[in-house]
Amino acid sequence: VQLQASGGGLVQAGGSLRLSCAASGFTFDDYAIGWFRQVPGKEREGVSCIDSRDGSTHYKQFVKGRFTISSDNVKNTVYLQMNSLQPEDTAVYYCAASQRGYKEIAYFTSSSVYNYWGQGTLVTVSS
């Protein structure tokens with residue numbers, strides 16, 4: 001199982017970035033994919049997640065209306081479109097995969113339910 005996160009970079013406040021999480025080594029439709037972020041010295045926090053089979057999504061309040069998660073089941077890739085970025089969005093962003101089973105999307109908001117993690121991509125937002 002492999003998750004490859006990419007798309008991070010340096011952007012000015014108000015700008016946009018699109019992160020990608022390319023998955024391989026497992027049946028994509030059987031998994032939920034989550035995006036998390038972490039700032040040094042702080043706990044990893046959830047950002048958004050998506051059920052790859054039915055497309056249901058969940059967003060943390062602080063990104064609602066700014067970030068959009070989507071899934072391309074042909075490319076086995078999940079995207080996180082981030083608009084209106086602010087300096088407080090600066091973090092290393094990680095994607096993770098968890099077997100969906102028959103669980104509701106809200107189950108996948110916790111990092112503890114994820115089995116597989118990508119290596120992280122750094123997002124830096126300058127003021």
Side-chain angles (χ1 to χ4, degrees):
V1 174
Q2 200 167 19
L3 297 170
Q4 183 75 32
S6 62
L10 173 64
V11 65
Q12 288 188 330
S16 299
L17 284 173
R18 188 177 79 158
L19 305 185
S20 299
C21 177
S24 61
F26 59 91
T27 304
F28 193 68
D29 289 0
D30 288 343
Y31 282 74
I33 305 295
W35 282 100
F36 296 81
R37 67 187 188 185
Q38 190 168 24
V39 175
K42 293 189 176 181
E43 289 192 3
R44 189 171 296 185
E45 63 178 355
V47 175
S48 181
C49 54
I50 186 168
D51 183 322
S52 300
R53 180 172 297 177
D54 66 17
S56 56
T57 60
H58 186 280
Y59 297 92
K60 283 298 180 71
Q61 186 63 38
F62 54 79
V63 301
K64 279 186 178 179
R66 299 191 299 129
F67 292 10
T68 303
I69 192 170
S70 61
S71 176
D72 184 332
N73 289 22
V74 174
K75 295 183 178 180
N76 285 4
T77 300
V78 168
Y79 303 99
L80 185 68
Q81 177 67 43
M82 305 187 296
N83 298 329
S84 302
L85 284 162
Q86 299 302 316
E88 52 266 34
D89 294 316
T90 295
V92 177
Y93 283 71
Y94 299 88
C95 61
S98 175
Q99 283 190 295
R100 58 185 297 280
Y102 296 98
K103 301 177 179 66
E104 298 292 329
I105 190 64
Y107 174 83
F108 299 103
T109 58
S110 170
S111 61
S112 64
V113 307
Y114 287 85
N115 312 101
Y116 307 107
W117 290 83
Q119 84 289 1
T121 185
L122 177 63
V123 172
T124 304
V125 185
S126 63
S127 57

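Index from 1, following the sequence. Just so you know, these numbers come straight off a predicted model, no measurement behind them.
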Side chains of [X] and [Y], heavy atoms from C-beta outward: is any pair under 4.5 Å?
| X | Y | answer |
| --- | --- | --- |
| Asp89 | Arg66 | yes |
| Leu17 | Phe67 | no |
| Val123 | Leu19 | yes |

**Asked** Looking only at heavy atoms, what is the nearest atom pair of Trp35 and Ser20, with distance?
**Response** CH2-O, 3.5 Å
**Message:** Which heavy atom of Ser16 sits nearest to which heavy atom of Asn83, and what is that distance?
**Reply:** OG-OD1, 2.9 Å
**Asked** Using a side-chain heavy atom cutoff under 4.5 Å and only I, L, V, M, F, W and Y, what cluster partners does Phe108 have?
**Response** Phe36, Val92, Tyr94, Ile105, Tyr107, Val113, Tyr114, Trp117, Leu122
**Residue pairs, two or more places apart or on separate chains, that pass disulfide bond (SG atoms under 2.5 Å apart) and touch residues 35-67** = none
**Request:** Using the disulfide bond (SG atoms under 2.5 Å apart) rule, collect all pairs that involve residues 53-127, keeping only residues at least two apart or in two chains.
**Result:** Cys21-Cys95
What's the spacing between [X] [atom1] and [Y] [atom2] if we round to 0.5 Å?
| X | Y | atom1 | atom2 | value |
| --- | --- | --- | --- | --- |
| Glu43 | Arg37 | CD | CZ | 14.0 Å |
| Tyr31 | Tyr116 | OH | OH | 4.5 Å |
| Gln119 | Leu3 | CD | CG | 9.0 Å |
| Ile50 | Ile33 | CD1 | CD1 | 9.0 Å |

**Any donor-acceptor pair under 3.5 Å from Thr121 side chain to Tyr93 backbone** = no
**Request:** Count the heavy atoms of every other residue, nucleotide or ligand shown that sit under 6.0 Å from CD of Gln86, and state whether that count exceeds 12.
**Result:** yes
**Fill in**
Across all chains, not counting sequence neighbours, the salt bridge (Lys or Arg N to Asp or Glu O under 4.0 Å) partners of Arg44 are none
**Request:** List the steps and the verdict of side-chain contact (heavy atoms from CB on, under 4.5 Å) for Phe62 and Glu88.
**Result:** CA-CA 10 Å; Phe62 54 79; Glu88 52 266 34; over 6 Å; no
**Request:** Please list all pairs passing the salt bridge (Lys or Arg N to Asp or Glu O under 4.0 Å) test where one or both residues lie in residues 48-62, with sequence neighbours left out.
**Result:** Asp30-Arg53, Asp51-Arg100
Could you give the side-chain donor-acceptor pairs of residues 70-79 under 3.5 Å, partners two or more places apart or in another chain?
from  : atom 1 : to    : atom 2 : distance (Å)
Ser71 : OG     : Asn73 : OD1    : 2.6
Asp72 : OD1    : Val74 : N      : 3.0
Asp72 : OD1    : Lys75 : N      : 3.1
Asn73 : ND2    : Asp29 : OD1    : 2.9
Asn73 : ND2    : Ser52 : O      : 2.6
Thr77 : OG1    : Lys75 : O      : 2.9

**From Val47, Thr57, Val63, residue fulfilling side chain to side chain contact (heavy atoms under 4.5 Å, CB included) relative to Ile69** = Thr57
